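Keep in mind the model is a prediction, meaning the values are calculated, not measured. In this chain, residues are counted from 1 in sequence order.
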Amino acid sequence: PLLEHPDQVRPFDPVTEVNVARDASGKPIKGLHLRTTQDRVFMGGNESVVFTIAALNDQNEPIALVISDAAAQSIPDTSAPITPIQTSVSFNDNGTDGDAVAFDGTYSAHLTPSTQGFATRAGTIRVLAQVSANGEHGVVQFDVIYTPDVPATWLGVRDAVEGGSLSFYLKIQAKMAGQYVASARVFDANNTPLALLQFNDTVAVGTQELKMQLFGALIRDKAPTFPLRLVDVDGFLLRPDTFPDRLMMARRPGVVYTTGNYAISRFSSAEWTSEERERYLKEYGRDEQEAAEQLRTLQGP
């Protein structure tokens, strides 16, 4: 059930923080707070990230903010000498270039690594902004993890009722083989959260389908209103023991696919069963037997 994973209901919401502002020495600045957001941490290919900064007083009211300078720089992940890449970043509050609302006190900037000098460098990109408010000066830091290579592209989606469950098949064009991890959310026609679907398996190069199963018993238990909607899909190629440890596929925000109007009776209420579940049940059974034998030994004849 999706509601059992609240952090996954809206995965593409910006990361928002409100912290006490600090000066260059790290000392807190009394009466000054900075609210920051960034709309992603991991990114790849031609994706862009939007950052925002706003200044607040102790009553959470906006106060005038000045951003005197901001720049993005690559952060080496090894001790080997590597020439850093650096580029300027422009924050504005005029309703353009990533800024949502003009002159609301929130300054915005966007970074597109592939066109701003980072197209050949994978790793951490750090944005530092020099800010001032109420005569006080501080620094704001943002980090993103960027990889230039995109391992696969999304193609289409289909669904099928199989074995009493509803399977979603997400077609991709895989440029690289390996362990792919993907997730998607299912909402019903009333926009009620239903299920978190996941895929975690090896994929070969070429046109492939990632199967995500919505278990029949969950459908029977929740009795959602059809049609169901597949929402907010994301995925990556896992690269263990490497940094960055993933190559990102492009996000697919919003409604990606809508199913047909299936009758609830088409889905099975049977309990989940799998090789892993049976193996665990057998192991628990052996543990139970051993505990019972130990208890009899302690109790004596």
Side-chain angles (χ1 to χ4, degrees), residues 1-13 15 17 41-42 145 159-170 177-204 208-226 228-249 259 262-301:
L2 181 53
L3 290 180
E4 293 185 7
H5 304 272
D7 62 320
Q8 291 292 320
V9 175
R10 303 291 179 189
F12 301 154
D13 283 355
V15 179
E17 295 184 348
V41 175
F42 291 92
I145 312 298
D159 70 76
V161 178
E162 300 173 329
S165 294
L166 183 61
S167 297
F168 292 86
Y169 290 88
L170 284 68
Q179 189 81 15
Y180 279 76
V181 179
S183 60
R185 293 90 196 148
V186 178
F187 289 74
D188 77 354
N190 297 323
N191 204 36
T192 301
L194 178 60
L196 174 65
L197 307 185
Q198 295 183 310
F199 175 91
N200 189 341
D201 206 347
T202 55
V203 172
Q208 309 291 343
E209 287 187 316
L210 313 185
K211 180 182 177 180
M212 298 185 181
Q213 186 183 66
L214 175 52
F215 192 51
L218 178 59
I219 298 175
R220 295 292 291 259
D221 287 347
K222 300 296 183 181
T225 302
F226 279 81
L228 305 182
R229 297 178 299 163
L230 196 70
V231 176
D232 292 343
V233 176
D234 62 300
F236 57 88
L237 171 63
L238 186 64
R239 302 197 306 170
D241 305 319
T242 305
F243 182 80
D245 66 354
R246 64 198 66 186
L247 297 178
M248 302 301 298
M249 297 176 64
T259 70
Y262 295 115
I264 297 292
S265 59
R266 294 193 61 180
F267 302 100
S268 172
S269 59
E271 286 188 3
W272 171 264
T273 184
S274 68
E275 182 276 332
E276 182 181 34
R277 181 177 187 266
E278 294 304 313
R279 179 160 36 89
Y280 273 71
L281 288 175
K282 290 179 181 179
E283 187 65 31
Y284 293 146
R286 284 194 290 267
D287 291 344
E288 182 183 23
Q289 286 183 338
E290 290 177 4
E293 292 172 0
Q294 291 174 5
L295 182 61
R296 285 194 295 270
T297 300
L298 291 172
Q299 290 175 338

How far apart are the closest heavy atoms of [X] and [Y], and which atoms are they?
{"X": "L214", "Y": "S165", "value": "O-CB, 3.4 Å"}
{"X": "V186", "Y": "L2", "value": "O-CD2, 4.3 Å"}
{"X": "V233", "Y": "F12", "value": "O-CZ, 3.6 Å"}

side-chain hydrogen bond (donor to acceptor under 3.5 Å, both in side chains) involving [X] - partner list, sequence neighbours excluded:
{"X": "E283", "value": "R286"}
{"X": "D201", "value": "none"}
{"X": "Q213", "value": "none"}
{"X": "S269", "value": "none"}

pair [X]-[Y]: side-chain heavy atoms closer than 4.5 Å:
{"X": "I145", "Y": "F243", "result": "yes"}
{"X": "K211", "Y": "E162", "result": "yes"}
{"X": "F42", "Y": "F236", "result": "no"}
{"X": "F199", "Y": "V181", "result": "no"}
{"X": "F187", "Y": "L194", "result": "no"}
{"X": "L230", "Y": "L170", "result": "yes"}
{"X": "D159", "Y": "Y169", "result": "no"}

Check the surroundings of atom CD in E275: do more than 12 heavy atoms from other residues, nucleotides or ligands lie under 6.0 Å from it?
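Yes, because the 6.0 Å sphere around CD of E275 holds more than 12 heavy atoms from other groups.
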Do other residues, nucleotides or ligands put more than 12 heavy atoms under 6.0 Å from D7 CG?
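Yes, because the 6.0 Å sphere around CG of D7 holds more than 12 heavy atoms from other groups.
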Between the main-chain N or O of G216 and the side-chain N or O of S268, is there a donor-acceptor pair closer than 3.5 Å?
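Pair absent, no side-chain N/O of S268 close to backbone of G216.
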Determine whether a donor-acceptor pair (N or O, by modelled atom type, separation under 3.5 Å) exists between the side chain of T297 and the backbone of E293.
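Such a contact is found between T297 side chain and E293 backbone.
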Measure the spacing between CG of L196 and CG of L3 and express it to the nearest 0.5 Å.
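Output value for this atom pair is 11.0 Å.
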Taking side chain to side chain contact (heavy atoms under 4.5 Å, CB included) as the definition, give me every residue that meets it alongside [X], ordered by chain and number, with sequence neighbours left out.
{"X": "E276", "value": "S274, R279, Y280"}
{"X": "L281", "value": "R277, E278"}
{"X": "A204", "value": "Q208"}
{"X": "E17", "value": "N19, T36"}

For F215, which residues count as a ring-ring contact (aromatic ring centres under 6.0 Å, His included) partner, sequence neighbours excluded?
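For F215 the ring-ring contact (aromatic ring centres under 6.0 Å, His included) partners, ignoring immediate neighbours, are W272.
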Can you give each donor-acceptor pair under 3.5 Å made by side-chain atoms of residues 218-226, sequence neighbours left out, with the distance rounded to 0.1 Å?
{"from": "R220", "atom 1": "NH1", "to": "F267", "atom 2": "O", "distance (Å)": "2.5"}
{"from": "T225", "atom 1": "OG1", "to": "N190", "atom 2": "ND2", "distance (Å)": "3.1"}

Could you note down all residue pairs passing side-chain hydrogen bond (donor to acceptor under 3.5 Å, both in side chains) where residues 229-239 supplies at least one of them, sequence neighbours left out?
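The answer is S183-D234, R185-D234, N191-R229.
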Start with the C-alpha distance between Y180 and N200, add both sets of side-chain angles, then the distance that settles side chain to side chain contact (heavy atoms under 4.5 Å, CB included), and finish with yes or no.
CA-CA 6 Å; Y180 279 76; N200 189 341; over 6 Å; no
